[in-house]
Amino acid sequence: MSYNVAIDGPAGAGKSTIAKKIAKKMNYIYVDTGAMYRAMALFLLRNHVDPSDSTAISEKCREADITLCYEQGEQVVLLNGENVNGLIRTEEVGNMASYASPNPNVRKKMVELQRQLAKTSDVIMDGRDIGTCVLPDADVKVYLTASSAVRAKRRYDELTAKGETCDLSVIEADIIERDHRDMTRELSPLKQAEDAVLVDSSDMTIDEVVDTIIALCKDRR
Ligand code: DC
């Protein structure tokens, strides 16, 4: 039987950084489900779909085939066969993903693929609904969060390191708005699963968070 670790939490909590490190140390496959929703968002943006038009999203998403493959241990997201890893980490795509991800047709497609991966491999999967919906029987569930101010600062540092100019208060407002959308949507809203362990990374280093979660994985094994 495969071993499954679910990490959920809001944007900017450090889920992907942490999950990637744990995957390496524990020899799990890292599945970044946000990247799948982002690839779908990129497809919708390219096709000029209006984010507020859920009928158009439901229709158009049928034409997007999203799959994952792994190159030298790195997850590669393929959108209709094209590697889109380098195109999905923008605020525009992230915002569109937040509008498209509540759509039932979009979620159905993604969840099927995610469950398939978890069935066949030991995975650490991060997202918003992994512990509550995608993998309700995961061996370890973590709800990883941090204050919106800390998350905004991390995002700000990431963007400025890439040479992008940005405004910290705009980023924080954006994060708060996105959290609200993710937490209040009807289908699979972001929330802590009853059996998930809460980890608040606001005052923790990356290594402290990694060690905390690895201890949980070893405990439950
Ligand atoms: O984690 P991220 O910022 O890459 O996610 C992008 C968007 O996708 C975010 O608004 C929430 C959504 N998402 C989701 O609804 N369910 C998931 N399992 C993962 C992400």
Side-chain angles (χ1 to χ4, degrees), residues 4-20 23 29-45 49 51-52 54 57-58 61 64 66 68 74-77 79 84-118 123-136 138 141-146 148 150-152 154-156 158-159 171-193 196 201:
N4 294 167
V5 182
I7 314 250
D8 291 301
K15 298 186 298 292
S16 63
T17 308
I18 305 288
K20 262 186 214 162
I29 287 179
Y30 168 51
V31 183
D32 172 0
T33 62
M36 297 164 69
Y37 290 96
R38 284 171 180 267
M40 177 61 82
L42 176 67
F43 176 79
L44 296 170
L45 282 170
V49 173
S52 61
S54 58
I57 293 174
S58 292
C61 77
I66 291 159
L68 299 182
E74 286 289 310
Q75 173 181 288
V76 176
V77 191
L79 168 61
V84 293
N85 270 17
L87 304 172
I88 56 177
R89 298 285 156 207
T90 65
E91 293 301 289
E92 189 193 15
V93 170
N95 268 322
M96 183 59 161
S98 163
Y99 282 104
S101 54
N103 186 286
N105 286 11
V106 170
R107 295 207 81 78
K108 188 164 177 281
K109 264 180 111 121
M110 304 298 166
V111 170
E112 271 168 18
L113 176 62
Q114 291 155 11
R115 288 192 177 139
Q116 196 52 38
L117 285 164
V123 295
I124 179 161
M125 190 175 282
D126 79 1
R128 304 293 190 286
D129 61 334
I130 311 304
T132 52
C133 162
V134 180
L135 305 176
K141 294 183 188 178
V142 172
Y143 188 83
L144 182 64
T145 189
S148 59
V150 166
R151 291 185 282 131
R154 288 177 187 162
R155 185 77 189 122
Y156 174 85
E158 225 173 79
L159 290 171
I171 294 180
E172 184 171 0
D174 214 54
I175 280 187
I176 292 171
E177 193 193 322
R178 200 179 299 180
D179 285 355
H180 181 75
R181 272 205 301 276
D182 291 347
M183 288 173 175
T184 55
R185 68 184 183 206
E186 211 170 299
L187 199 60
S188 306
L190 167 64
K191 65 169 189 217
Q192 185 180 341
S201 72

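In listed order, ligands and their atoms are each counted from 1. These numbers were taken from a predicted model, which means no experiment stands behind them.
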Exercise. Taking the side chain as every heavy atom from C-beta outward, state whether Leu190 and Asp129 have any pair of such atoms under 4.5 Å apart.
Key: no
Quiz item: Among protein heavy atoms, which sits nearest to atom 16 (N) of ligand 1, and what does the distance come to when rounded to 0.1 Å?
Solution: Arg107 NH2, 3.0 Å
Self-check item: Any donor-acceptor pair under 3.5 Å from Arg151 side chain to Ala11 backbone
Solution: yes
Exercise. Report yes or no: does Lys191 contribute a side-chain atom to a donor-acceptor pair with the main-chain N or O of Thr184 at less than 3.5 Å?
Key: no
Exercise. Could you tell me the residue and atom name of the protein heavy atom closest to atom 19 (C) of ligand 1, and the distance to it rounded to 0.1 Å?
Key: Thr33 OG1, 3.3 Å
Quiz item: Closest approach of Pro10 and Tyr143, non-hydrogen atoms and distance?
Solution: CD-OH, 4.0 Å
Exercise. Looking only at protein heavy atoms, identify the closest one to atom 12 (C) of ligand 1 and say how far it is in Å.
Key: Ser101 OG, 3.5 Å
Quiz item: To which protein heavy atom is atom 15 (O) of ligand 1 closest, and what is the distance rounded to 0.1 Å?
Solution: Arg185 NH1, 2.8 Å
Exercise. Say whether, by atom type as modelled, one donor and one acceptor occur between the side chain of Asp8 and the main chain of Gly131 under 3.5 angstrom.
Key: yes
Exercise. Could you find the nearest protein heavy atom to atom 9 (C) of ligand 1 and give me its residue, atom name and distance?
Key: Arg128 NH2, 3.4 Å
Quiz item: So which heavy atom on Tyr156 is nearest to which on Ile171, and how close?
Solution: CA-CD1, 3.9 Å
Quiz item: At a non-hydrogen distance cut-off of under 4.0 Å, which region of Asp182 contacts ligand 1 (side chain, backbone, both, or neither)?
Solution: side chain
Quiz item: Of all the non-hydrogen atoms in the protein, which one sits nearest to atom 7 (C) of ligand 1, and at what distance?
Solution: Ala97 CB, 3.6 Å
Quiz item: Any N or O on Asp129 sitting closer than 3.5 Å to an N or O of ligand 1?
Solution: yes
Quiz prompt | Residue and atom name of the nearest protein heavy atom (relative to atom 8 (O) of ligand 1), distance in Å to one decimal | solution = Tyr37 CB, 3.6 Å
Self-check item: Donor-acceptor contact below 3.5 Å, side chain Arg107 vs main chain Ser101
Solution: yes
Practice problem: Could you tell me whether a side-chain N or O of Arg38 sits under 3.5 Å from a main-chain N or O of Val93, the two making a donor and an acceptor? | Solution: no
Quiz item: Which of the atoms in ligand 1, numbered in the order shown and given with their element, are less than 4.0 Å from a heavy-atom of Arg38?
Solution: 2 (P), 3 (O), 4 (O), 6 (C)
Quiz item: Under 4.0 Å from any heavy atom of Gly127, which atoms of ligand 1 are there?
Solution: 17 (C), 18 (N), 19 (C)
Practice problem: Check ligand 1 against Ser98 and write out every atom of the ligand that is under 4.0 Å from a heavy-atom position of the residue. | Solution: 10 (O)
